[in-house]
Amino acid sequence: MALLTFELPDGTTRRVDVVQVLNAGYAGRSQDDVAAHVAELAELGVPAPSVTPALYPVAPYLAQHTDRVSVQHGRTSGEAEWALVVDGDGELLLTAACDHTDRELEVHGVAWSKNAGPDVLARRAWRLADVQERLDTLTLRAWVSHAASGGSGDGVGSGDGVGSAGSGGFGKETVIQDGTLAELLTPGYWAEVLRERGDLLPGTVLISGTIPMAEGVDQFADRWRVELGDPATGDVIELAYDVVRMPAPIG
């Protein structure tokens with residue numbers, strides 16, 4: 001299991017012993033758009049799901065607070081998402097997440113690809129009840145950057161939202177995802193699905209599924225940064241991590 005700690009806006013913290021992690025897929029609110037996306041992925045060799053939206057269980061230890069994701073090759077990428085977290089008292093929390101996915105494995109099985117990388121979660125969260133009335137206005141954005149030297153991505157980014165070769169080894173950030181939660185099925189929808197399954201349990205983490213990526217932006221980046229924003233208050237929940245290639249195997 002994983003132990004996660006979230007800071008709430010009032011300064012209190014919630015410690016969550018993760019017992020299960022579920023990754024939603026094909027979870028756009030417009031299922032016509034989802035069907036078009038499934039067709040696009042099929043042309044790339046990604047198998048279509050038997051139903052949409054889909055839900056993929058992943059190992060609980062994959063829910064992590066981390067600023068470093070180790071990968072075996074250069075074709076992995078993140079996905080900007082929100083995460084629904086059930087704390088120890090059963091209260092629902094909302095935070096930012098990035099589902100780091102192995103794109104080479106994805107063509108063999110989406111569930112396999114989801115289990116090949118972590119779900120990185122931010123260290124701050126909101127009570128879902130506090131933002132429930134304005135969920136659709138919440139923003140979800142992601143930026144990528146690449147090692148300025150073209151290296152393996154083992155530098156340390158500047159973290160200032162700009163990035164530069166001189167400030168930490170990364171080039172300028174590029175927006176790769178920019179949308180709102182109105183594009184995705186709601187936390188309430190998924191809470192009800194989990195409740196019906198008997199899975200709305202303390203220690204549950206559900207990752208939302210993602211929004212479209214911008215065309216022409218290289219997703220196989222050396223650094224990912226994700227923000228979940230509340231325009232009504234100006235508050236932003238952020239996470240960022242470097243993508244680091246592991247050494248070549250022997251044998």
Side-chain angles (χ1 to χ4, degrees), residues 2 4 21 23 41 44-46 58-59 61-83 95-108 110 112-124 139-179 207-229 236-250:
L4 304 177
V21 180
N23 282 29
L41 291 177
L44 300 175
V46 178
V58 303
Y61 64 79
L62 292 176
Q64 299 178 15
H65 296 315
T66 186
D67 58 5
R68 183 182 176 99
V69 170
S70 297
V71 299
Q72 297 186 65
H73 56 81
R75 291 186 61 83
T76 70
S77 68
E79 294 181 347
E81 312 203 9
W82 54 256
T95 190
C98 195
D99 171 22
H100 202 81
T101 301
D102 188 316
R103 303 302 179 187
E104 291 284 354
L105 269 179
E106 194 171 33
V107 300
H108 300 289
V110 174
W112 291 354
S113 71
K114 299 299 183 186
N115 275 277
D119 287 325
V120 182
L121 280 78
R123 299 175 188 271
R124 296 183 60 242
T139 59
L140 187 61
R141 303 182 74 194
W143 295 259
V144 293
S145 53
H146 297 263
S149 63
S152 62
D154 57 355
V156 179
S158 66
D160 60 4
V162 179
S164 67
S167 64
F170 293 100
K172 185 177 180 180
E173 287 186 325
T174 302
V175 175
I176 189 169
Q177 294 177 280
D178 189 354
I207 311 294
S208 66
T210 197
I211 59 177
M213 292 189 184
E215 293 185 8
V217 178
D218 183 5
Q219 65 180 286
F220 303 122
D222 298 303
R223 183 172 174 82
W224 275 78
R225 184 166 67 88
V226 173
E227 283 186 356
L228 177 65
V236 172
I237 294 175
E238 180 184 68
L239 66 89
Y241 61 87
D242 300 343
V243 181
V244 182
R245 289 281 292 272
M246 289 185 276
I250 296 175

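Because the structure is a prediction, the values reported are computed rather than measured.
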Do you know which two heavy atoms are closest between [X] and [Y], and how far apart they sit?
X	Y	result
Ser145	Gly171	CB-O, 3.5 Å
Gly179	Ile211	N-CD1, 3.5 Å
Leu140	Ala80	CD2-O, 3.6 Å
Gly78	Met213	O-CE, 3.3 Å
Leu4	Ala63	CD2-O, 3.7 Å
Gly209	Glu81	N-OE1, 2.6 Å

TODO: Name all residues meeting the salt bridge (charged side-chain N to carboxylate O under 4.0 Å, His left out) criterion together with Arg123; count only those two or more places apart in sequence or in a different chain, and write none if there are none.
DONE: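 For Arg123 there are no salt bridge (charged side-chain N to carboxylate O under 4.0 Å, His left out) partners, ignoring immediate neighbours.
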Task: Partner set under salt bridge (charged side-chain N to carboxylate O under 4.0 Å, His left out) for Asp178, not counting sequence neighbours - done: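 Scan of Asp178 (salt bridge (charged side-chain N to carboxylate O under 4.0 Å, His left out), adjacent residues dropped) gives Arg141.
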TODO: List for me each residue that meets ring pair (Phe, Tyr, Trp, His ring centres under 6.0 Å) alongside His65, sequence neighbours excluded, and say none if there are none.
DONE: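 Per chain and number, His65 pairs via ring pair (Phe, Tyr, Trp, His ring centres under 6.0 Å) with Phe6.
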Spacing of [atom1] belonging to [X] relative to [atom2] belonging to [Y], to within rounding of 0.5 Å:
X	Y	atom1	atom2	value
Leu105	Trp112	CG	CH2	8.0 Å
Asp242	Trp224	CG	CH2	13.5 Å
Ile207	Asp119	CD1	CG	4.5 Å
Asn23	Asp99	CG	CG	4.5 Å
Leu239	Arg124	CG	CZ	12.0 Å

- [ ] Check the pair His146, Asp222 against side chain to side chain contact (heavy atoms under 4.5 Å, CB included), reporting the backbone distance first and the verdict last.
- [x] CA-CA 5 Å; His146 297 263; Asp222 298 303; 3.7 Å; yes
State, with a plain yes or no, whether a side-chain heavy atom of [X] is found less than 4.5 Å away from one of [Y].
X	Y	answer
Arg223	Trp143	no
Asn115	Leu62	yes
Arg245	Val71	yes
Leu228	Thr95	no

With sequence neighbours excluded, tell me which residues meet side chain to side chain donor-acceptor pair (under 3.5 Å) with [X].
X	answer
Asp102	His73
Glu104	Arg75
Arg103	Ser77, Glu79, Glu106, Gln219

Open item on the list: Among His100, Arg225, Arg68, exactly one meets side-chain contact (heavy atoms from CB on, under 4.5 Å) together with Tyr241. Which residue is that?
Closed with: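 So the option named by the test is His100.
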